[in-house]
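What follows is a set of notes on a single structure, which appears directly below.
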2 protein chains.
Amino acid sequence: MVTIADVAQKAGVSISTVSYVMSGKRTISQETRDRVESAIDALGFSPHAGARSLASRATNVIGLQAPLRSGVDVHVIMQVVTGVVTRARTQGYDILLLASDDAKALQRAARGSMVDALLVMDVESDDPRIATLTDLPHPSVLIGLPAGRRALPCVDFDFEAAGWLAVDRLVALGHRDLALIGSPPEVMARHTSYADRLARGFLAACEANDVSGTIHPCPSTPEAAQTVDRVVSEHPSATGFLVHNEGALPHAAARLAVHGGDRFDTVALCPEDVAATVPGLADSISVPAEAIGAAATDMLCEMLAGSPRQAVRLLPPHLASATKP
Amino acid sequence: MVTIADVAQKAGVSISTVSYVMSGKRTISQETRDRVESAIDALGFSPHAGARSLASRATNVIGLQAPLRSGVDVHVIMQVVTGVVTRARTQGYDILLLASDDAKALQRAARGSMVDALLVMDVESDDPRIATLTDLPHPSVLIGLPAGRRALPCVDFDFEAAGWLAVDRLVALGHRDLALIGSPPEVMARHTSYADRLARGFLAACEANDVSGTIHPCPSTPEAAQTVDRVVSEHPSATGFLVHNEGALPHAAARLAVHGGDRFDTVALCPEDVAATVPGLADSISVPAEAIGAAATDMLCEMLAGSPRQAVRLLPPHLASATKP
DNA sequence: ATGAAAGCGCTAACAC
DNA sequence: GTGTTAGCGCTTTCAT
């Protein structure tokens, strides 16, 4: 193993000089800096992460708790993780992927000085992890927006605005009776934050536009087709549809095309590349999952750099390309 | 911060005793062990990971390089990662998610003693990372099976056997003319290991069963339907289909149902839960993605524990439930 | 502009 | 069965 002492010897300087060349925390003559840098390259030296964290009390690692098992919205999760990992690296941080989704895992990582900060996805309103994070001296950011007392900084997509945007778009296309094909029943029943926020925006926008709107939970499986059948038969006047359910989307879209042909328009709420694989959409509103991960990471890095903390950041929705022929 | 010295003082023992209680590397009287353990709980002590790795030259972290951006087979990747993370934790390891897919990232993690070992997904035959890994003193395992000289231990699904199994099953259902709807053209053209292995097994099994079989690259998009149209028109006698393409699967299966109705049978090769979302399959052969991740992790942990290294491990295919009504 | 040296918190000899 | 202590490789005062 190559140590800082090897580098110092090879460059003919002291250990501390090598350290300062790396950190830039004190002025070094150009000549010395050059010698040290070439010694570093020549030896292929990388400072020992453990030694560094022991001495400096910083790990340059961010702990990430992502819902790996969730069957729902795999694409979204993957993209958020990608955004986090990529942005973290550009800021000089690595990502430790936490195995379990519980508060214990957060404590273990934090107390053991494995991480400088924590990023947590999929937090629910009364989640015990919130209290744990609040008690920890480490900065943390939630990806998502739990309802209730907001004790921690959050980054999420603005689902409420997305509801408005979808309604505005469908109304502009001439529809007066709209239906939201949404998350699976169990998610709706839990009053998951994003489902609720989307519903709120959707209904408010319907009212503001003076059109009618209904909301329908939908399984993320081929049974989505049956849900569509039911919605269509119970609401024969509905012609504008918003689908927010990655698993159900292909089945729902296909079924809506069968029922409505050109009379129907469907807007999907999902990552752009998921929408691209579904034919016949009027438009899609893209969930910028990778950007969310990046934004959360940025916020965390700013906190680590000592900025005053910003409470909530919601990324706005945008209409993306349509796939309708 | 709570240190081992705090624990030692509170328990009225020496620092080393605390250390030995944690590691179990020497016999401790039950009474002392109890006192130490309650001091640990009472103080909420977790040993400083950096200090530990500095002193013991082991991090208890495994570096994982996963193809996060790949649009293809997100479910498979997520499941493999889940398998890795979960199994690693049960073995006492944490996972550092490497940001870039290049050899430099591996070197950085290894040289900086951030990890004890490396797990790399999606390696190609002439991948420069293979040489890097070989040169490193750290143990490593590939998830996948690059063609060519096999310098490193590998864990993968037995795609060749899956080809045989699919053919046997379709032949048993009475089909004499089979078609494999496979990976996207660019993947096929690269002669990606798994696509080649599946093709080899498929063709060999067709020959052994004395039935005819053809192979067709297919985009992972709704255009899969056009591919199916073309295959059906060019091979009117084909009635048994094997689909290996997560993105194309729903579209291909639907289209095959339109063309062939009950005359056709379709076997999908994908994770079990993906197959469950597609109606009308004769059977599916499940890609045990989570098990692959777990197996690779086990192999790595065995190497870390000093076992002689095992070169290649291929998990066998199994028929899973059908969704055909 | 550079060096010397005191820790950071832990493990693992080496004592007894 | 338990204690003492010399490092592990680095950062960061304190000197010069």
Side-chain angles (χ1 to χ4, degrees), chain A residues 1-37 39-40 43-61 92 94 108-116 137, chain B residues 1-37 39-40 43-61 92 108-116 137 304:
Chain A
M1 188 198 197
V2 186
T3 74
I4 196 173
D6 300 327
V7 176
Q9 181 166 30
K10 169 136 192 165
V13 298
S14 74
I15 286 182
S16 58
T17 297
V18 176
S19 177
Y20 283 118
V21 164
M22 295 194 296
S23 69
K25 288 188 182 171
R26 92 177 168 192
T27 44
I28 304 279
S29 73
Q30 188 57 49
E31 189 206 8
T32 309
R33 158 174 278 106
D34 289 345
R35 280 218 314 288
V36 169
E37 276 167 354
I40 289 179
L43 298 173
F45 168 71
S46 291
H48 186 292
R52 184 171 255 188
S53 86
L54 182 55
S56 69
R57 333 198 109 263
T59 61
N60 277 278
V61 173
D94 283 287
R108 206 181 67 90
R111 294 215 179 120
S113 298
M114 316 180 73
V115 301
D116 293 336
Chain B
M1 187 196 199
V2 186
T3 73
I4 195 173
D6 299 329
V7 176
Q9 181 166 30
K10 169 137 193 163
V13 299
S14 74
I15 284 182
S16 60
T17 297
V18 176
S19 176
Y20 284 117
V21 165
M22 294 194 294
S23 69
K25 287 188 182 172
R26 90 177 170 192
T27 44
I28 304 279
S29 73
Q30 187 57 49
E31 189 206 6
T32 309
R33 156 175 280 103
D34 289 346
R35 279 221 314 288
V36 170
E37 276 166 354
I40 288 179
L43 298 174
F45 168 70
S46 290
H48 187 291
R52 182 170 255 188
S53 85
L54 182 57
S56 69
R57 335 199 105 258
T59 61
N60 278 279
V61 173
R108 205 181 69 91
R111 292 215 181 119
S113 298
M114 314 180 74
V115 301
D116 293 337
L304 282 166

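A, B, ... follow the sequence lines: proteins, then strands. Residue 1 opens every chain. Any value given below was found using the heavy atoms of this structure, including those in side chains, with hydrogens, waters and symmetry copies removed.
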Just jot down the salt bridge (Lys or Arg N to Asp or Glu O under 4.0 Å) partners of A/R108, sequence neighbours excluded, or say none.
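For A/R108, the residues satisfying salt bridge (Lys or Arg N to Asp or Glu O under 4.0 Å) (neighbours in sequence not counted) are B/D94.
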Between the first and last five pairs of the helix from C/dA1-D/dT16 to C/dC16-D/dG1, the angle of the axes, rounded to 10 degrees
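For the helix from C/dA1-D/dT16 to C/dC16-D/dG1, the axes at either end differ by 40°.
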Straight-line distance of A/D6 CG to A/F45 CZ, nearest 0.5 Å
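A/D6 atom CG to A/F45 atom CZ measures 8.5 Å (nearest 0.5 Å).
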Test of understanding: with side chain to side chain contact (heavy atoms under 4.5 Å, CB included), list the residues that count as partners of [X], not counting sequence neighbours.
{"X": "A/A49", "result": "B/M114"}
{"X": "B/A39", "result": "B/V7, B/K10, B/A11"}
{"X": "B/E37", "result": "B/V21, B/R33, B/D34"}

Sorted by first residue and then second, give each side-chain hydrogen bond (donor to acceptor under 3.5 Å, both in side chains) pair with at least one member in residues 12-26 of chain B; sequence neighbours left out.
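Sorted pair list: B/S14-B/S16, B/S14-B/T17.
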Using a 4.0 Å heavy-atom cut-off to protein, can you give one letter per nucleotide of nucleotides 9-16 of chain C, 5' to 3': B if the base is in contact, S if only the sugar-phosphate is, - if neither?
BBBBBB--
On DNA chain D, reading 5' to 3', which nucleotide is the first and which the last to sit with an atom under 4.0 Å from a heavy atom of chain B, could you check?
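That gives a stretch of D/dG1 to D/dG9.
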Side chain to side chain donor-acceptor pair (under 3.5 Å) partners of [X], counting only residues at least two apart:
{"X": "A/S46", "result": "none"}
{"X": "B/T59", "result": "B/D116"}
{"X": "B/E31", "result": "none"}

Non-hydrogen atoms of B/R35 and B/G12 that approach each other most closely:
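B/R35 and B/G12 have their closest heavy atoms at NH2-O, 3.8 Å.
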Base, sugar-phosphate or nothing for B/T32? Non-hydrogen atoms, less than 4.0 Å.
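B/T32: backbone/sugar contact only, no base atoms under 4.0 Å.
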